[in-house]
There are 2 protein chains.
Amino acid sequence: MKRIAESTVRRLSLYLSFLEGIDRQGLKTISSDELARLGGTTSAQVRKDLSLFGSFGKRGLGYSVPELSGKLREILGLGKQWRVCIIGAGKIGAALARYRGFAERGFNVTAVYDSDEAKIGKRWENLTVRPISELEKDATKQDFDIAVVATPAENTPAVVKQVVRAGIKAILNFAPVQLSVPSDVTVRNVNMAMELEGLSFALSNRSE
Amino acid sequence: MKRIAESTVRRLSLYLSFLEGIDRQGLKTISSDELARLGGTTSAQVRKDLSLFGSFGKRGLGYSVPELSGKLREILGLGKQWRVCIIGAGKIGAALARYRGFAERGFNVTAVYDSDEAKIGKRWENLTVRPISELEKDATKQDFDIAVVATPAENTPAVVKQVVRAGIKAILNFAPVQLSVPSDVTVRNVNMAMELEGLSFALSNRSE
DNA sequence: ATTAGTTTGTGAACTAATTCACAAGCGCCA
DNA sequence: TGGCGCTTGTGAATTAGTTCACAAACTAAT
Ligand SMILES: NC(=O)c1ccc[n+]([C@@H]2O[C@H](COP(=O)([O-])OP(=O)(O)OC[C@H]3O[C@@H](n4cnc5c(N)ncnc54)[C@H](O)[C@@H]3O)[C@@H](O)[C@H]2O)c1
Ligand SMILES: NC(=O)c1ccc[n+]([C@@H]2O[C@H](COP(=O)([O-])OP(=O)(O)OC[C@H]3O[C@@H](n4cnc5c(N)ncnc54)[C@H](O)[C@@H]3O)[C@@H](O)[C@H]2O)c1
């Protein structure tokens with residue numbers, strides 16, 4: 001299959017969230033034009049994005065909301081339940097572990113790791129904080145799909161090495177560092193300082 | 001000035017963080033090639049990015065680390081202190097309010113708002129949670145530059161309306177909804193569910 | 001059955017972003 | 001001072017991503 005751009009995948013994800021809203025409103029079909037308006041893009045973009053994976057619409061009618069939702073879920077791999085571990089039981093880790101939105105979409109946090117003796121063994125929601133040193137061993141049994149890394153920047157490269165050795169192939173990284181991983185491991189970074197700097201840039205360069 | 005792409009601004013932000021690391025190591029100069037390796041891009045990309053704003057390097061030598069850092073800070077508007085308010089004193093809001101990394105970069109959280117009577121008036125770090133209904137009035141005195149929105153998705157459009165009415169021109173949004181704002185307001189979205197779906201897609205479509 | 005009114009799917013055209021490639025500038029050394 | 005080794009800065013070429021524009025396919029109405 002043709003290589004799919006990251007921007008395309010983001011939009012698919014966005015379309016799916018709109019379809020879920022539309023579905024709750026009880027509407028049965030939607031046009032590319034309407035999806036485009038919701039997403040701040042163009043109808044041609046919507047149709048092109050979808051056409052990379054097949055033809056799901058009916059000419060003159062638009063797309064069936066439940067059918068297209070199903071297709072997008074399939075494309076995005078949301079059919080299955082994913083096993084997620086969180087590394088770093090700190091402030092961000094806590095917010096994420098308690099967030100319901102993830103499980104709703106099939107991302108189940110099944111373990112939390114930390115290196116701090118004071119935190120290890122403590123109960124956290126329905127989980128117990130495990131020592132990071134056990135990650136590799138645990139992974140052979142638990143088979144994590146995704147690691148969410150929320151450790152201090154300076155420790156993160158070492159943490160990520162352990163994650164990779166544990167055979168985990170996808171990482172969502174919150175530390176403001178650039179990770180280097182083997183090519184079969186996918187990384188997404190969430191860097192809030194960078195987002196704020198983007199806003200700072202926008203505020204500083206208006207009307208020029 | 002020429003329009004600058006968002007991807008360029010992200011990279012500038014990234015280069016700056018590398019330069020700070022390099023500076024701590026005591027190195028005086030760095031080449032575009034080295035910056036490129038750190039950022040996972042090419043040296044031509046680095047030079048092109050920088051050349052949009054001026055010529056900061058010395059041929060044969062590279063870039064002076066402190067000088068380029070200074071230029072980047074200037075370009076990104078990091079010279080001044082920014083006033084940030086957080087809207088939504090929940091799990092994510094709490095993590096952000098307690099995060100030191102922001103103040104270090106000149107983003108000062110000077111107020112927190114919520115609509116929940118049980119939270120209003122409570123102390124939070126060195127701040128007191130204020131009622132969202134007072135945002136507009138407060139803004140005339142406090143002059144917030146950036147609003148960080150961390151409210152439940154369903155309330156967020158209404159919250160953002162209030163933020164816009166308060167005259168705030170930059171929003172960092174954590175709710176998984178698409179915001180519609182006047183064109184003089186800049187929005188950046190942090191959508192973790194979307195990031196996880198990107199990883200799900202990658203895991204589901206390997207080696208095809 | 002025909003027609004009018006929609007909306008898709010997709011090559012072609014266009015625009016944006018990245019990479020190439022090389023002249024020009026700089027430091028260093030003899 | 002001249003030559004060598006590096007590295008920048010930038011047009012030109014290339015590649016990637018978006019938008020245009022229209023034939024084809026469908027519904028509904030008559
Ligand atoms: N808090 C925020 O709002 C925020 C915002 C943006 C980015 N971040 C980034 O997210 C990361 C975590 O931030 P935080 O505020 O949650 O920090 P925190 O200090 O609250 O939590 C970090 C946790 O990681 C644990 N840890 C340290 N080394 C470890 C290791 N080797 N293995 C396993 N666990 C280890 C610590 O014990 C601690 O519990 C940091 O990189 C930070 O820069 C945080
Ligand atoms: N917790 C996470 O890890 C996480 C992850 C991704 C996205 N998010 C998103 O971030 C947002 C906040 O999530 P959270 O987990 O912090 O939720 P939360 O329920 O812990 O906090 C939300 C806060 O917003 C306040 N609030 C509600 N309506 C308000 C209004 N009109 N004005 C001002 N305050 C209002 C609530 O009183 C509450 O304190 C949500 O949109 C959520 O989807 C959260």
Side-chain angles (χ1 to χ4, degrees), chain A residues 1-15 18-19 22 27-72 75 178 198 201-202 205, chain B residues 1-15 18-19 22 27-72 75 178 198 201-202 205:
Chain A
M1 192 198 276
K2 213 175 144 297
R3 207 189 100 54
I4 305 296
E6 183 175 311
S7 54
T8 303
V9 179
R10 299 190 107 84
R11 283 192 301 267
L12 293 179
S13 191
L14 203 56
Y15 302 154
F18 297 148
L19 288 169
I22 298 288
L27 293 179
K28 284 287 145 217
T29 64
I30 189 168
S31 67
S32 57
D33 205 43
E34 213 139 344
L35 271 176
R37 267 193 314 98
L38 292 169
T41 178
T42 66
S43 64
Q45 179 79 82
V46 172
R47 295 197 299 276
K48 189 69 102 185
D49 286 340
L50 297 176
S51 77
L52 295 170
F53 300 93
S55 17
F56 309 128
K58 273 213 171 50
R59 294 172 190 224
L61 242 198
Y63 300 87
S64 148
V65 173
E67 188 193 320
L68 185 56
S69 300
K71 290 290 184 188
L72 285 177
I75 291 165
Q178 206 63 7
F201 177 82
N205 295 277
Chain B
M1 192 198 276
K2 216 175 144 299
R3 209 190 100 52
I4 306 295
E6 183 175 312
S7 54
T8 303
V9 179
R10 299 190 106 84
R11 282 191 301 268
L12 294 178
S13 190
L14 203 57
Y15 302 154
F18 298 147
L19 288 169
I22 298 288
L27 293 179
K28 285 285 144 219
T29 64
I30 189 168
S31 67
S32 57
D33 206 43
E34 213 139 344
L35 271 176
R37 266 194 312 98
L38 292 169
T41 179
T42 65
S43 65
Q45 179 79 82
V46 172
R47 294 197 300 276
K48 190 67 107 185
D49 287 339
L50 297 176
S51 78
L52 294 170
F53 300 93
S55 14
F56 310 128
K58 274 212 170 48
R59 293 170 192 230
L61 243 198
Y63 300 88
S64 149
V65 173
E67 188 193 321
L68 186 56
S69 299
K71 289 290 185 187
L72 286 176
I75 291 165
Q178 205 63 6
F201 177 83
N205 294 276

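Each chain gets a letter, A, B and so on, in the order its sequence line appears, and its residues count up from 1.
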Roughly how many Å is it from [atom1] in [X] to [atom2] in [N], rounded to a whole number?
| X | N | atom1 | atom2 | result |
| --- | --- | --- | --- | --- |
| A/Arg59 | D/dC26 | CZ | P | 8 Å |
| B/Gln45 | D/dT7 | CD | C1' | 17 Å |
| B/Asp49 | D/dG9 | CG | C1' | 13 Å |
| B/Lys48 | D/dA12 | NZ | P | 11 Å |
| B/Lys58 | D/dG5 | NZ | C1' | 18 Å |

N/O-N/O pairs, protein side and nucleotides 28-30 of chain D side, under 3.5 Å:
none

Looking at [X] and [Y], what are the two nearest heavy atoms and their distance?
| X | Y | value |
| --- | --- | --- |
| A/Ser32 | A/Ser43 | OG-CB, 3.6 Å |
| A/Leu12 | A/Phe53 | CD1-CE1, 3.5 Å |
| B/Phe56 | B/Leu50 | CE1-O, 3.7 Å |

Comparing nearest nucleotides in DNA chain D, the 5'-proximal residue of the pair A/Ser7, A/Arg47 is A/Ser7
Starting at CD of A/Gln178, measure out to CG of B/Leu38 and round the result to the nearest 0.5 Å. 9.0 Å
CG-CG distance between A/Leu35 and A/Leu19, expressed to the nearest 0.5 angstrom: 5.5 Å
Taking only residues two or more places apart in sequence, or in another chain, which ones meet A/Ser31 in a side-chain contact (heavy atoms from CB on, under 4.5 Å)? A/Asp33, A/Glu34
Just to verify, what does A/Thr29 make a side-chain contact (heavy atoms from CB on, under 4.5 Å) with, not counting sequence neighbours? none
So what's D/dT8 paired with, Watson-Crick or G-U wobble, going by both distances under 3.5 Å? C/dA23
For a side-chain contact (heavy atoms from CB on, under 4.5 Å) check, start with the C-alpha distance between B/Phe201 and A/Ile4, then their side-chain angles and the critical distance, and finish with the verdict. CA-CA 10 Å; B/Phe201 177 83; A/Ile4 305 296; 4.0 Å; yes
Got a sec? Which of residues 31-43 of chain B come in under 4.0 Å of DNA chain C, heavy atoms? B/Thr42
Base, sugar-phosphate or nothing for B/Ala5? Non-hydrogen atoms, less than 4.0 Å. sugar-phosphate
With a strict under 4.0 Å distance from non-hydrogen atoms of chain A, what nucleotide opens and what nucleotide closes the contacted stretch of DNA chain C, reading 5' to 3'? C/dT6 to C/dA12
Can you list everything that forms a salt bridge (charged side-chain N to carboxylate O under 4.0 Å, His left out) with B/Arg10? Sequence neighbours excluded, please. A/Glu195, B/Glu6
From CA spacing to verdict: side-chain contact (heavy atoms from CB on, under 4.5 Å), A/Ile75, B/Asn205: CA-CA 9 Å; A/Ile75 291 165; B/Asn205 294 276; 5.7 Å; no
Return each pair, listed once, that meets salt bridge (Lys or Arg N to Asp or Glu O under 4.0 Å) where at least one residue sits in residues 42-55 of chain A; pairs must be two or more places apart or across chains. A/Arg11-A/Asp49
Under a 4.0 Å heavy-atom cutoff, the residues of residues 60-71 of chain B touching DNA chain D are B/Gly60, B/Leu61, B/Gly62, B/Tyr63
What donor-acceptor contacts under 3.5 angstrom involve side-chain atoms of residues 57-67 of chain B, with partners at least two apart or in another chain?
| residue | atom | partner | partner atom | Å |
| --- | --- | --- | --- | --- |
| B/Ser64 | OG | B/Glu67 | N | 3.2 |

